Amino acid sequence: MNFAMALDYQNCINCKACEIACKEENGVQLGADKQRIWVGVTENSIFGRPILSLYPSQCNHCVDAPCVDVCPTNASHFADGGLVLVDQEKCILCKGCMEACPYDARFVDDKVAAVDKCTFCFDTRISQGKATTACQATCPTKVRLFGDLDDEEGELVQLLKSRKFFVLKENEGTVPKLFYLFPEHDDHFAQNSIGHETTIHTWETFKPLIDMAKAKRSKQWTSL
Ligand code: SF4
Ligand code: SF4
Ligand code: SF4
């Protein structure tokens, strides 16, 4: 298994239901700066017309995650399914992982004096056989689809085979697993809205990157 998520990000209305559901279900510390999930807002202009884009985001569970490499105690680690998790007992709050993460996906949970971030709801849902995360289940406009990249017949891979997509900060080389679905209908507008430096992928172009990184890293995956 290799857990991942696709986001039909253009459906996001910034209602923040996902943020609330995540906090509620996962016991995330209260406070605006204590988030496992957030909506990034960028302002841009196309042909002189201002546009605002919303990029719902969370930890990418990167296949080649730098946050794991820098952790001196192995608190940050890979686990089965390609999850990137934090063992709170082992965390010494050196914050190296927070600096190493290009996505700013981590924060300090003061309740337990350890770093926290998205777990893809492993403890609260996935380990109990549920197929969706809290953020997917609660989103009123159906932005997210959680699934398994190793399941070629599954809904997630089928979606990635049928739509073009991009990842954020691909040049960081972490092989992230949040796939932003490229808007349909108007390629020119869409490419302008996300910037011309962003590579648009298909399943055929991105799958080899995942396979290569997984071959390197899966030896480090620990049993859940
Ligand atoms: Fe680590 Fe950041 Fe990637 Fe999550 S998004 S796996 S915290 S580098
Ligand atoms: Fe590891 Fe904790 Fe340091 Fe992060 S803050 S690198 S999880 S010990
Ligand atoms: Fe929070 Fe779960 Fe969504 Fe991660 S997958 S952001 S832990 S609700």
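Hydrogens, waters and symmetry mates are skipped; everything else that's a heavy atom, side chains included, is used. Note that ligands are numbered from 1 as they come in the structure, with each ligand's atoms numbered from 1 the same way. Quick note: residue numbers are just sequence positions, from 1. As the structure is a computational prediction, the values presented were derived from the model and not from experiment.
Short contacts between ligand 1 and Arg106, defined as distances under 4.0 Å to a heavy atom of the residue, involve ligand atoms 7 (S). Ligand 2 places these atoms under 4.0 Å from at least one heavy atom of Val115: 5 (S). Of all atoms in ligand 2, numbered sequentially from 1 with element shown, those under 4.0 Å from a heavy atom of Cys71 are 1 (Fe), 6 (S), 7 (S), 8 (S). Heavy-atom proximity to Leu93, at under 4.0 Å, picks out these atoms of ligand 2: 2 (Fe), 5 (S). Of all atoms in ligand 2, listed by their number and element, those nearer than 4.0 Å to a heavy atom of Cys97 are 4 (Fe), 5 (S), 6 (S), 7 (S). Against a heavy-atom cut-off of under 4.0 Å, Thr73 is close to the following atoms of ligand 2: 8 (S). Listed by number with element, the atoms of ligand 3 under 4.0 Å from a non-hydrogen atom of Asn26 are 1 (Fe), 2 (Fe), 7 (S), 8 (S). Every atom of ligand 3 with a heavy atom of Ala134 under 4.0 Å away is listed here by number and element: 8 (S). Within the listing of ligand 1, atoms 5 (S) sit less than 4.0 angstrom from a heavy atom of Tyr103. In summary, the atoms of ligand 3 found under 4.0 Å from a heavy atom of Arg36, numbered by their order in the structure, are 6 (S), 7 (S). Ligand 3 places these atoms under 4.0 Å from at least one heavy atom of Cys121: 2 (Fe), 5 (S), 7 (S), 8 (S). The ligand atoms of ligand 2 that sit less than 4.0 angstrom from a heavy atom of Lys95 are 3 (Fe), 5 (S). With ligand atoms numbered from 1 in the order given, ligand 2 contributes 6 (S) to contacts under 4.0 Å with heavy atoms of Pro72. Close contacts between ligand 2 and Cys91 involve ligand atoms 2 (Fe), 5 (S), 7 (S), 8 (S) [criterion: under 4.0 Å to a heavy atom].
Contact check for Glu152 versus Trp203: side-chain heavy atoms found under the 4.5 Å cut-off. Counting heavy atoms from C-beta outward, Ser76 and Arg106 have side chains that approach closer than 4.5 Å. Within the 4.5 Å cutoff, side-chain heavy atoms of Arg163 are placed close to those of Glu184.
For Cys94, the nearest N, O or S atom to atom 3 (Fe) of ligand 2 falls under 2.8 Å. Under 2.8 Å from atom 4 (Fe) of ligand 3 lies no N/O/S atom of Cys22, from backbone or side chain alike.
Between Lys142 and Asp8 there is no salt bridge, since no side-chain nitrogen of the basic residue lies less than 4.0 Å from a carboxylate oxygen of the acidic one. Ion pair Asp116/Lys34 not flagged as a salt bridge, since none of the NZ, NE, NH1 or NH2 atoms sits closer than 4.0 Å to an Asp/Glu carboxylate oxygen.
Heavy atoms from other residues, nucleotides or ligands lying under 6.0 Å from CD of Glu24 number 12 at most. Around the NZ atom of Lys161, the shell of radius 6.0 Å holds more than 12 heavy atoms that belong to other residues, nucleotides or ligands.
At a cut-off of 3.5 Å, with distance as the only test, no side-chain donor of Arg125 or Thr133 sits close to an acceptor on the other residue. Looking at Asn14 and Lys16, their side chains do bring a donor and an acceptor atom within 3.5 Å of each other.
Scanning the protein for heavy atoms near atom 1 (Fe) of ligand 1, the closest one is Cys67 SG, 2.3 Å. Of the protein's non-hydrogen atoms, Asn60 N, 3.3 Å is the one closest to atom 5 (S) of ligand 1. What sits closest to atom 3 (Fe) of ligand 3 on the protein, heavy atoms only, is Cys135 SG, 2.3 Å. Cys101 SG, 2.3 Å is the protein heavy atom nearest to atom 2 (Fe) of ligand 1. For atom 7 (S) of ligand 2, the closest heavy atom belonging to the protein is Ser76 OG, 3.3 Å. Nearest protein heavy-atom neighbour of atom 4 (Fe) of ligand 3: Cys118 SG, 2.4 Å.
Aromatic ring pairs are classed by plane angle as parallel below 30°, tilted from 30° to 60° and perpendicular above 60°; the pair Tyr180 and Tyr55 is perpendicular. Between Phe206 and His201, the ring planes lie perpendicular to each other; the angle is over 60°, past the 30° to 60° tilted range.
Proximity of Ile92 to ligand 2, defined as any heavy-atom pair under 4.0 Å, is shared by backbone and side chain alike.
For atom 6 (S) of ligand 3, the nearest non-hydrogen atom from the set Ile37, Thr119, Thr124 belongs to Ile37.
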Residues Val84, Cys67; criterion side chain to side chain contact (heavy atoms under 4.5 Å, CB included); working and verdict: CA-CA 9 Å; Val84 175; Cys67 55; 3.9 Å; yes

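Residues Val175 and Leu149 share a single hydrophobic cluster, defined by chaining ILVMFWY side chains whose heavy atoms lie under 4.5 Å apart.
Checked against the 6.0 Å centroid threshold, Phe3 and Phe122 do not count as a close aromatic pair.
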